[in-house]
Protein chains: 2
Amino acid sequence: MLKLSTKGQYGVRAMFEVAKGYPDRPVSIKEIARRQEVSVAYLEQILSTLRRAGLISSVRGPGGGYLLTHGPAHISIAVILRELEGPVSIASCMDPEEGCHRVEGCVTHTLWRSLGEKIDAFLSTITLDDLLKDERLLMDAAEHDRIVTIKRAAAGQGG
Amino acid sequence: MLKLSTKGQYGVRAMFEVAKGYPDRPVSIKEIARRQEVSVAYLEQILSTLRRAGLISSVRGPGGGYLLTHGPAHISIAVILRELEGPVSIASCMDPEEGCHRVEGCVTHTLWRSLGEKIDAFLSTITLDDLLKDERLLMDAAEHDRIVTIKRAAAGQGG
DNA sequence: TAATACCCTACTAGATTTGTCAAGTATTTA
DNA sequence: TAAATACTTGACAAATCTAGTAGGGTATTA
Ligand code: FES
Ligand code: FES
């Protein structure tokens, strides 16, 4: 339950790749596609949406690609997902546009709203910068593992 | 984004109605259907799932219906939704059964897992008993409004 | 045996998801 | 200017999921 569509998932991963080029190295769709194993054509759709939303800008021609319009610390996962999948809306009848004649006296209405707010709050605190840091941690951990493995091998305890 | 299906939504609302009959008054599908404005046929599917999961038991024949198998304070929204919609799984590639060869070194993996855990934790703290209390609050508020309205009307300030 | 009420499976129209494809436009470099 | 790179856009479609409906069955009570 409560799945995110691939568009949202790929979108965040793509933004993470674009963030790696911050502040001035344009990252091409091709590069993102290769690194994140997502098709170029599908990424085009996703990045196009994010560009129209103003989260990234594009540079055409050879050497071109996408650039973050703001610092990685100022782009939260919440805003990326909001552009690609719309606002958090656990139950469709919470949407003020769609409306629901049962809202008043509905015991679950408050519940879904609280949950939605909690999710939104959480995703708003996580930024691209956090993901970049996370990767550094992952890489450090891998490096550490590698060193440990090498040391073990050198000590004849490999395996 | 992060929508709940109607099955989950109706399921919680149905369980709320069943909870009203706790501990010994069976609540029929018909009654639930009327109160929650959901079709009988659809509710049959939903309640059948919940019964097989052991959350409710059924009593056949005239005067029959459904009963909670445990106290309302011991049935969380999380377990109801889990039975109807499966476990929280923000991204499908987090599911250990489906698997994903990119898990290691994937920056979003940790993110989705954290979010999933947060959601699960929240939904686990809310029980049917909370919904029952909530309704009492709602009714009290309505009663209060009604009294105020009556007093105003009596004082010639109605509207 | 009539009425009530749960039980179960199958089916389906419509929406959504998850992409692909084709034909552009803009920019740079040779 | 020609070629290559790379973004831009809109149309389209297979696959899946959602949100139910339909219809026949079983158990219980009066
Ligand atoms: S708000 Fe629509 S049913 Fe609760
Ligand atoms: S875990 Fe599958 S892509 Fe991140």
Is there a side-chain polar atom (N or O) of [X] under 4.0 Å from OP1 or OP2 of [N]?
X: B/Ser48; N: C/dC6; value: no
X: B/Ser5; N: D/dC17; value: no
X: B/Arg52; N: C/dC8; value: yes
X: B/Thr6; N: D/dA19; value: yes
X: A/Ser28; N: D/dT5; value: no
X: A/Arg51; N: D/dT8; value: yes
X: B/Tyr10; N: D/dT18; value: no

[options]: which one has an atom nearest the side-chain heavy atoms of [X]?
X: B/Tyr42; options: D/dT21, D/dT8, C/dT18; result: D/dT21
X: B/Gln45; options: C/dG19, D/dA6, C/dA10; result: C/dA10
X: A/Ala41; options: C/dC21, C/dC6, D/dT21; result: C/dC21

Confirm from the modelled atom types if A/Arg60 and C/dT25 form a donor-acceptor pair under 3.5 Å, side chain to base only.
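Between C/dT25 and A/Arg60, which were checked side chain against base, a qualifying N/O pair under 3.5 Å is present.
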Under-3.5 Å donor-acceptor pair between A/Glu44 side chain and D/dC7 base
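Absent.
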Out of A/Lys20, A/Arg13, A/Arg35, which residue meets the salt bridge (charged side-chain N to carboxylate O under 4.0 Å, His left out) rule with A/Glu135?
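Of all the options given, the one that passes is A/Lys20.
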Got a donor-acceptor contact below 3.5 angstrom from the [X] side chain to the [Y] backbone?
X: B/Glu17; Y: B/Val27; value: no
X: A/Gln36; Y: A/Tyr10; value: no
X: A/Thr69; Y: A/Gly54; value: yes

Write down the distance between [atom1] ([X]) and [atom2] ([N]), rounded to a whole number of angstrom.
X: B/Leu84; N: D/dG20; atom1: CG; atom2: P; answer: 14 Å
X: B/Ile29; N: C/dC8; atom1: CD1; atom2: C1'; answer: 12 Å
X: B/Ile56; N: C/dC7; atom1: CD1; atom2: C1'; answer: 12 Å
X: B/Ile46; N: D/dG20; atom1: CD1; atom2: C1'; answer: 10 Å
X: B/Arg25; N: C/dA5; atom1: CZ; atom2: P; answer: 12 Å
X: A/Leu67; N: D/dA6; atom1: CG; atom2: C1'; answer: 13 Å
X: A/Leu43; N: C/dG19; atom1: CG; atom2: C1'; answer: 11 Å
X: B/Tyr66; N: D/dA27; atom1: OH; atom2: C1'; answer: 13 Å

Return yes if a side-chain donor-acceptor contact under 3.5 Å exists between B/Glu85 and B/Ser5, otherwise no.
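Present: a donor and an acceptor within the cut-off.
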So what does B/Leu47 hit on the nucleic acid, given a heavy-atom distance under 4.0 Å: a base, only sugar-phosphate, or nothing?
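No contact.
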Heavy atoms only: give me the nearest B/Leu47-B/Ala14 pair and the separation to one decimal.
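So the two residues come closest at CD2-CB, 4.0 Å.
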